[in-house]
Amino acid sequence: MFGNVNNYLSSVLHATEDYDGDALSTHLSLRDVHVQNHNLYIAQPEKLVERFLKPPLDDVVTAHMKVLYHLAQEPPGYMEAYTQQAAACSAVVRLLQQLKDENWCLALMYRVCLDLRYLAQACEKHCRGFTPGHVLEKAADCMMACFRVCAADGRASDEDTKRLGMMNLVNQLFKIYFRINKLHLCKPLIRAIDNCAFKDAFPLPEQITYKYFVGRRAMFDSNYRAAVEDLSFAFSNCPDRFASNKRLILIYLVPVKMLLGYLPTKSLLQRYDLLLFHDLALALKAGNVNRFDEIVRDQELVLIRSGIYLLVEKLKFIVYRNLFKKVFAIRGTHQLDMGDFLSALQFVGVTDVSLDETHCIVANLIYEGKVKGYISHAHNKLVVSKQNPFPPLLST
């Protein structure tokens with residue numbers, strides 16, 4: 001593509017003169033076919049680029065060509081390429097500041113930031129000598145410079161404001177912060193979007209990604225109702241052709257809804273190859289603690305890699321609740337012997353539990369509001385409320 005470097009630079013110039021942000025972003029993308037053109041692999045292209053382009057765009061293109069040069073080496077110079085991509089990102093910041101009341105170059109900003117994240121991930125994977133997550137965090141700092149320029153653009157019209165680029169950058173930053181486990185850095189970004197006057201006007205694909213990450217963060221904060229709302233929005237609006245994305249959303253949405261008392265249908269789980277949750281739901285509904293533990297133990301690696309192991313562990317208290325509710329239904333009295341709960345646990349295969357541990361389990365269920373009552377230690381009984389002793393999970 002482009003043949004020689006002069007043709008390439010002329011094409012970049014024409015895209016700039018036409019205010020064609022999409023074409024310009026393609027010319028500076030590491031996923032475009034031009035990256036295979038050996039004529040663009042130049043170690044010091046500054047003088048050549050300056051003949052065609054003005055600052056600060058010349059710095060963006062110069063850095064891009066240096067990235068291509070370093071990636072073409074054997075082995076690829078990922079760290080050098082990342083450094084040049086960070087320089088390109090800084091030049092984009094200057095370009096954004098220079099273009100007053102214009103936002104046609106937002107597509108270029110998206111592309112440069114996306115490639116910066118990809119190169120940072122490549123450095124984390126292939127390079128040594130720094131703390132894990134360090135390069136990605138530095139990449140996030142570069143993106144934040146772009147975000148600040150966009151967020152501060154309050155004078156332009158709604159059509160021309162750079163604030164329209166905020167959500168795309170926030171999603172990029174979310175992907176980094178979740179990867180390096182620094183979720184606290186998401187809070188100011190969420191606040192910025194919430195305070196944005198046209199937060200519902202962002203493109204739907206960006207809103208879906210945003211709700212997915214905000215829902216996951218709410219899940220980690222134990223704000224399960226908010227998590228269900230955000231993840232449900234992401235799932236219902238994600239097109240069916242993106243089945244892998246819908247499956248990814250369900251991995252978090254299903255266990256959160258189970259915590260609130262909603263069990264998934266087998267057909268839904270079968271469609272997205274998530275029958276693991278069907279097995280968990282059956283054990284939960286039956287109050288079969290031993291079976292629940294077996295499934296978690298067998299799927300431990302899958303749950304850990306998905307980041308939902310601790311969330312699924314919280315479901316165990318609902319398994320206990322459902323089992324003890326059956327004891328209450330069988331006995332038909334509001335004064336329940338603690339030994340009956342121990343017998344119930346032993347009946348479903350939990351053989352390594354003592355009466356004292358049974359007391360602890362019941363005490364935790366009372367504390368979490370899953371059982372209404374109190375333990376009479378003097379009589380070794382659980383005295384449950386005569387009104388709604390096992391409240392619906394949605395209200396706890």
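All values reported here derive from a predicted model rather than from experimental measurement.
The local environment of NE2 in His379 is sparse, with at most 12 non-hydrogen atoms from other residues, nucleotides or ligands closer than 6.0 Å. Atom NZ of Lys246 is surrounded by more than 12 heavy atoms from other residues, nucleotides or ligands within 6.0 Å.
For Phe341 and Phe324, the ring centers are positioned less than 6.0 Å apart. Aromatic pair His27/His64: ring centres not closer than 6.0 Å. The aromatic ring centroids of His70 and Tyr82 lie 6.0 Å or more from each other.
Nearest heavy atom pair, residue Ile366 against residue Gly373, reads CG2-O, 3.5 Å.
Inter-residue side-chain proximity for Leu99 and Trp104 is flagged as met; some heavy-atom pair is nearer than 4.5 Å. Within the 4.5 Å cutoff, the side chain of Leu24 has heavy atoms near those of the Thr16 side chain. Phe233 has its side chain within reach of Gln207: a pair of non-hydrogen atoms, C-beta onward, lies under 4.5 Å apart. A 4.5 Å side-chain heavy-atom check between Phe277 and Ile308 finds at least one atom pair inside the cut-off. The shortest side-chain heavy-atom distance between Phe178 and Phe220 falls under the 4.5 Å cut-off. In this structure, Thr209 and Glu206 have side chains that are not in contact, with every pair of non-hydrogen atoms separated by 4.5 Å or more. Between Ile190 and Phe174, the closest side-chain pair of non-hydrogen atoms falls below 4.5 Å.
Checked by atom type and distance alone, the side chain of Asn103 pairs as donor or acceptor with a backbone atom of Thr161 at under 3.5 Å. Side-chain atoms of Ser29 do not come within 3.5 Å of backbone N or O of Ser25 as any donor-acceptor pair.
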Does Tyr8 form a side chain to side chain contact (heavy atoms under 4.5 Å, CB included) with Val49? I'd like the steps, not just the answer. CA-CA 10 Å; Tyr8 169 70; Val49 175; over 6 Å; no

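Residues Lys316 and Glu313 are not paired through a salt bridge, judged by the lack of any N-O separation under 4.0 Å between the basic side chain and the carboxylate. The pair Glu46-Lys66 counts as a salt bridge, with a side-chain nitrogen and a carboxylate oxygen less than 4.0 angstrom apart. Ionic pairing of Arg94 and Asp59 is present here: one or more N-O contacts between side-chain nitrogen and carboxylate oxygen are shorter than 4.0 angstrom. Using a cut-off of 4.0 Å between Lys/Arg side-chain N and Asp/Glu carboxylate O, Asp115 and Arg111 are scored as salt-bridged. Ion pairing of Arg217 with Asp221 is present here, as a side-chain N (NZ or NE/NH1/NH2) and a carboxylate O approach within less than 4.0 Å.
For the residue pair Asp160/Ser157, the side-chain donor-acceptor check at 3.5 Å is satisfied. Inspection of the His359 and Asn380 side chains reveals an N or O donor paired with an N or O acceptor under 3.5 Å.
Both tests pass for Arg216 against the ring of Tyr252: distance under 6.0 Å to the centre and angle within 45° of the axis.
Every ring-ring contact (aromatic ring centres under 6.0 Å, His included) that Phe202 has, sequence neighbours left out, goes to Phe198.
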